[in-house]
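Whatever order the structure lists them in is the order used to number ligands and atoms, beginning at 1.
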Amino acid sequence: MALVVMKFGGSSVADTDKIKIVAKRIIAKKKDGNKVVVVVSAPGDTTDDLLTMADKITSNPPAREMDMLLATGEMISIALLSMAIDAMGEKVISMTGPQAGIFADAVHTRARIKKINPQKIKKQISKNNIVVVAGFQALNPKGDITTLGRGGSDLTAVALAATLKADSCEIYSDVDGIYTTDPRVVKDARKISYICYDEMLEMAGSGAQVLQSRSVEIAKKFGVEIHSRSTFNENQGTIITSEEKIRRDKMETPLISGITFDKDNVKFTIIDLPDIPGLAAKIFGRVAKIGINIDVIIQSAVVNKKIDISFTASRQDMKRTRLEIDRISSELKAASVVCDDHIAKISVIGIGMKSNPGVAAQMFEILHRKGVNIEVISTSEIKISCIIDEYDVLKAVEALHKGFGLSKEN
Ligand code: ADP
Ligand code: ASP
Ligand code: MG
């Protein structure tokens, strides 16, 4: 009997009708002769709504209480989904993250899974139960509830699949797979049949929210093959697997696999800093200490012994970053700090880039022809990203999608 981990995202359990559709799908999988462990997210926009409510109470909520609040969303889903499965006559039991034996570190709101003790889940499977686990939550060493960062139910699913040595890990969403770019934004986007972990990691990390990037990291580390597919149709979705497997089976390996965009960034520039050794270490050390992730960094040339440093951070960290950077800039006697929140990052991603020079030039040419100004460029082995004005995003993404031959007509 195969063991299948099925994960349903918030859009799949947004209302009670959808919950019933999900319940039927789970039962069908069980009736096909599988043992089934389900991971589920909070219904619809519940997590966003909870964050908004907290913000109306305080701009500085204690992180522990924030996790207490956020974890409630997934508990609504496990209870309602289990009721639906029970009402359809199947044996089922729901579990919170802690009840499922998921343990994480002490970092509230973005905890890392440290260990999973699967005994309780295994016991319930052996009793022929469908097990419905709340995604996104775990227990920390103090015995408090923590959450695993936005999109964290994907991580719960992959980590459980790895621990339980599941035969498959299916991630169900409102799209039927991974597309060459966001199909809700570019109608011409094409579904990808197979994508390797590294490309998926870069896509997830640069704006394609369809999978959480840490879940892809864990999938790669433990060799968990993910099938990304739709809750609402039976189509074959996208398989996320190793580069070796894709090459071995001679499956498609185009030059560019996808185009992503991310409007979640803000750019800070500290102007007229003294050009002294250890400056970058001081600034970014301080920012890292308060748990803020920096993405792209650029330092200007020295003029009159002064430099400017620009970097991008997540919009959600904007207030905290601004406070810390204002402090650092006055300590270092910089002239001023400028924050630009009308920027976006667009990226082209593809393992084909490793062996094909010239992709960057092609990208810049396409953007230039569309009159899109590039503010900052950053690259990795399989990704080129540009920071541009957020108002140019749609035309830039459409032009790149077409320019790199990703449209349906190709
Ligand atoms: P869930 O609620 O199931 O977790 P998400 O909203 O987190 O789903 O992710 C699914 C969404 O990701 C889709 O509705 C789609 O708009 C978006 N998305 C962004 N980029 C892509 C892409 N390249 N391929 C597929 N979906 C994408
Ligand atoms: N509910 C959480 C979020 O919205 C976790 C998830 O959906 O994966 O981020
Ligand atoms: Mg998601």
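Considering both main-chain and side-chain atoms, Phe136 never comes within under 3.5 Å of ligand 2 through any nitrogen or oxygen pair. For ligand 1, the polar-atom distance check finds no N/O of Pro183 at less than 3.5 Å from any of the ligand's N/O atoms. Between Gln209 and ligand 1, an N or O atom pair is found at a separation short of 3.5 Å.
Atoms of ligand 1 found under 4.0 Å from any heavy atom of Ile178 (numbered from 1 in listed order, with element): 24 (N). Near Ala208, the atoms of ligand 1 lying under 4.0 angstrom from a non-hydrogen atom of the residue are 19 (C), 20 (N). For ligand 1, the atoms lying closer than 4.0 Å to a non-hydrogen atom of Gly9 are 1 (P), 2 (O), 3 (O), 4 (O). With ligand atoms numbered from 1 in the order given, ligand 1 contributes 23 (N) to contacts under 4.0 Å with heavy atoms of Met203.
With Ser173 contributing its side chain and Ser230 its backbone, the two residues share no donor-acceptor pair below 3.5 Å. Between the side chain of Thr181 and the main chain of Ile259, a donor-acceptor pair closer than 3.5 Å is present. Using modelled atom types, no side-chain atom of Asp389 and backbone atom of Asp392 make a donor-acceptor pair closer than 3.5 Å.
Residue contact annotation: Gly73 has no non-hydrogen atom under 4.0 Å from ligand 2. Under a 4.0 Å heavy-atom criterion, Gly258 is not in contact with ligand 1. Heavy-atom distances between Gly151 and ligand 2 reach below 4.0 Å in at least one pair.
The option from Arg150, Gln209, Glu74 that lies nearest to atom 9 (O) of ligand 2, judged by heavy atoms, is Arg150.
Contacts of Ser153 with ligand 2, taken as heavy-atom pairs under 4.0 Å, involve both backbone and side chain. With a 4.0 Å cut-off on non-hydrogen atoms, Thr180 does not touch ligand 1 at all.
With respect to atom 25 (C) of ligand 1, the closest heavy atom belonging to the protein is Gly177 O, 3.4 Å. If you check which protein heavy atom lies closest to atom 13 (C) of ligand 1, you get Asp174 OD1, 3.5 Å. The protein heavy-atom contact nearest to atom 23 (N) of ligand 1 is Tyr179 O, 3.0 Å. Looking only at heavy atoms of the protein, atom 11 (C) of ligand 1 is closest to Arg184 NH2, 3.8 Å. If you check which protein heavy atom lies closest to atom 7 (O) of ligand 2, you get Ser41 OG, 3.3 Å. Protein heavy atom at the shortest distance from atom 9 (O) of ligand 1 is Val210 CA, 3.4 Å. Closest to atom 21 (C) of ligand 1, if we only count protein heavy atoms, is Asp182 CA, 3.7 Å. The closest protein non-hydrogen atom to atom 8 (O) of ligand 1 is Ser173 OG, 3.2 Å. Among protein heavy atoms, the minimum distance from atom 4 (O) of ligand 1 is reached at Lys7 NZ, 3.4 Å.
Side-chain atoms of Gln212 and Asp154 include no donor-acceptor pair closer than 3.5 Å. Between the side chains of Thr146 and Gln137, no donor-acceptor pair is found at a separation under 3.5 Å.
The pair Glu225-Lys220 does not meet the salt-bridge criterion, since no charged nitrogen lies less than 4.0 angstrom from a carboxylate oxygen. Checked for salt-bridge contact, Arg369 and Glu365 meet the test: a charged N lies under 4.0 Å from a carboxylate O. A salt bridge is absent between Arg112 and Asp105; no separation between the charged side-chain nitrogens and carboxylate oxygens falls under 4.0 Å. The pair Glu170-Lys29 counts as a salt bridge, with a side-chain nitrogen and a carboxylate oxygen less than 4.0 angstrom apart. Between Lys354 and Glu243 a salt bridge is recorded (basic side-chain N to carboxylate O distance below 4.0 Å).
When the options Ile270, Ile271, Leu273 are evaluated for a side-chain contact (heavy atoms from CB on, under 4.5 Å) with Asp308, the one that passes is Ile271.
Remark: Lys115 is positioned above the aromatic ring of Phe103, its terminal NZ or CZ atom under 6.0 angstrom from the ring centre and at most 45 degrees off the axis.
Relative orientation of the Phe311 and Phe284 rings is perpendicular, given thresholds of 30° and 60° on the angle between their planes.
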